[in-house]
Structure formats: C-alpha cells, structure tokens
Enquirer: 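Input: one structure, supplied below.
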Amino acid sequence: MLLTPVAKAEGTTAAEAMFGDSSAQVDYYWIPSAVFMHPEVAMAGLTEQAARDRYGQIEIKCNTFTPLKYAITSNPIEALIKLIIDPKTQKIIGIHMAAPRAADLVQALVPALKRGLTAAELAQTIGIHPSTGEELFCL
C-alpha cells in the first residue's frame, strides 16, 4: 500500500526482523485508508467482494443519514456507513464510510476491530450527540 504510515511500519518491521525479532510482520488487514473530499470516504478491513470471496456468506448493515450539523442548512450532506459482518462470529470484518470526518472515525475504530469487535458490541455503545460518529452505533 502506497501510504506513508505503511512505509514507516514496513521500515520498522524490516529493522526489527534484521536486528532481533525474526517474527516481525506488518498486518495489512486493518490498515485504514481515506479519500479526502467532501464528504470524506474511508474504509478498513475487507471490501464487500473480498469478504464474499473469503467467507462466502456475509452480512451487510448500512445506514444513511444527514449529520445534524448539515440537516439545518440549505445544502445538506447525506452520509453512509456500511459494516461487513461475518455471520458465524458476528465480527465486523470491514467498514466503509462516506461522511464528514470519516477518516478520523474509521481509524479510531481499528484497534477494536483488530480485537474482534462485533456488530452487537458496537450497537451497545452510547455515542455523543450530536455527532457524525454516533451513527456508527445505530446499525
């Protein structure tokens, strides 16, 4: 992946592998990526097609919404959140988002996703109102 943070992680891992930790590896699965436009688009984990190829059956949860900040203006922004879920474990295996601050929201979830966050655990979270991030917990 041609991203500066990935290159830094690969360099660190290469140094660790050369000078001590021969098991050091970069985990590419949960590297978030984003396109900085208006609204931002961000993702981490598997795409829908990659999830179908790997797991066969998958579950998709989507939510579209207008962030409150934009709902009262004459130029509202519609946003989208999509979760890709392994139906056997209910673990979230991919997240895609188009919304204001999507990059910040998606990358903040990566540590929990790496540890196997489920859709039910995400839904039990109480969000901050009014914020775009609270919509993550409404799926």
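Owing to the predicted nature of the structure, the values given are computational and were not obtained by experimental measurement.
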Enquirer: Any non-hydrogen side-chain atom of L122 less than 4.5 Å from a side-chain atom of L109?
Expert: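 The answer is yes; the side chains approach within 4.5 Å.
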
Enquirer: Can you tell me if E121 and Q90 form a side-chain donor-acceptor pair at under 3.5 Å?
Expert: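 Result is no, nothing qualifies.
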
Enquirer: Just to verify, what does E135 make a side-chain contact (heavy atoms from CB on, under 4.5 Å) with, not counting sequence neighbours?
Expert: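 Partners of E135 under the side-chain contact (heavy atoms from CB on, under 4.5 Å) test: N63, F65, I81, C138.
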
Enquirer: How would you list all residue pairs meeting salt bridge (Lys or Arg N to Asp or Glu O under 4.0 Å) that involve residues 85-97, not counting sequence neighbours?
Expert: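 Sorted pair list comes back empty.
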
Enquirer: In chain order, what residues pass the side-chain contact (heavy atoms from CB on, under 4.5 Å) check against P39, with sequence neighbours excluded?
Expert: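 Result, side-chain contact (heavy atoms from CB on, under 4.5 Å) vs P39: I77, P100.
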
Enquirer: How many angstroms lie between atom CD1 of I92 and atom OG1 of T118, to the nearest 0.5 angstrom?
Expert: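 Atom-to-atom, I92:CD1 and T118:OG1 are 6.5 Å apart.
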
Enquirer: By salt bridge (charged side-chain N to carboxylate O under 4.0 Å, His left out), which residues pair with D104, not counting sequence neighbours?
Expert: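 Per chain and number, D104 pairs via salt bridge (charged side-chain N to carboxylate O under 4.0 Å, His left out) with R101.
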
Enquirer: How far does OH of Y55 sit from OG1 of T89, to the nearest 0.5 angstrom?
Expert: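 Rounded to the nearest 0.5 Å, the OH-OG1 separation comes to 7.0 Å.
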
Enquirer: Test of understanding: with salt bridge (charged side-chain N to carboxylate O under 4.0 Å, His left out), list the residues that count as partners of E48, not counting sequence neighbours.
Expert: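 In terms of salt bridge (charged side-chain N to carboxylate O under 4.0 Å, His left out), with neighbours along the sequence ignored, E48 is linked to R52, K82.
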
Enquirer: Start with the C-alpha gap between D27 and K114, add the side-chain angles, then the distance that decides, and say whether side-chain contact (heavy atoms from CB on, under 4.5 Å) holds.
Expert: CA-CA 10 Å; D27 178 8; K114 286 175 81 168; 3.8 Å; yes

Enquirer: Distance check, rounded to the nearest 0.5 Å: L117 atom CG versus I93 atom CD1?
Expert: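 One finds 13.0 Å between CG of L117 and CD1 of I93.
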
Enquirer: If you round to the nearest 0.5 Å, how far is CG of L83 from NZ of K61?
Expert: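 Going from the NZ atom of K61 to the CG atom of L83 covers 8.0 Å.
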
Enquirer: Is there a donor-acceptor pair under 3.5 Å between the side chain of E40 and the backbone N or O of A103?
Expert: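 Yes, because the side chain of E40 sits within donor-acceptor range (under 3.5 Å) of the backbone of A103.
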
Enquirer: How far apart are the closest heavy atoms of A44 and V106, and which atoms are they?
Expert: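 That closest heavy-atom pairing would be CB-CG1, 3.8 Å.
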
Enquirer: Go through it in stages, so that I can follow the logic: the residues are I84 and I60, the test is side-chain contact (heavy atoms from CB on, under 4.5 Å), and I'd like the CA-CA distance, side-chain angles, deciding distance and then a yes or no.
Expert: CA-CA 5 Å; I84 302 170; I60 303 290; 3.8 Å; yes

Enquirer: Quick check: is V110 connected to I95 through a chain of hydrophobic side chains (ILVMFWY, heavy atoms under 4.5 Å apart)?
Expert: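 In one cluster: yes.
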
Enquirer: Would you confirm whether H96, through its side chain, and L46, through its main-chain N or O, come within 3.5 Å as a donor-acceptor pair?
Expert: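 The answer is yes, because a donor-acceptor pair under 3.5 Å joins these two groups.
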
Enquirer: Establish whether I85 and I58 are linked, either directly or via other cluster members, by ILVMFWY side-chain heavy-atom contacts under 4.5 Å.
Expert: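 Cluster IDs for I85 and I58 match.
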
Enquirer: Considering non-hydrogen atoms only, spot the tightest contact between F137 and G133 and give its length.
Expert: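 Of all heavy-atom pairs spanning F137 and G133, the closest is CE1-O, 3.7 Å.
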
Enquirer: When the side chains of residues 1-18 are checked against the rest of the protein, which donor-acceptor pairs come out under 3.5 Å, sequence neighbours left out?
Expert:
from : atom 1 : to  : atom 2 : distance (Å)
E10  : OE2    : Y28 : OH     : 2.5
T12  : OG1    : K8  : O      : 3.1
T13  : OG1    : A9  : O      : 2.8

Enquirer: Mind checking whether L136 and W30 sit in one hydrophobic cluster, side chains of I, L, V, M, F, W, Y counted as touching below 4.5 Å?
Expert: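 Per the 4.5 Å side-chain linkage, L136 and W30 are co-clustered.
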
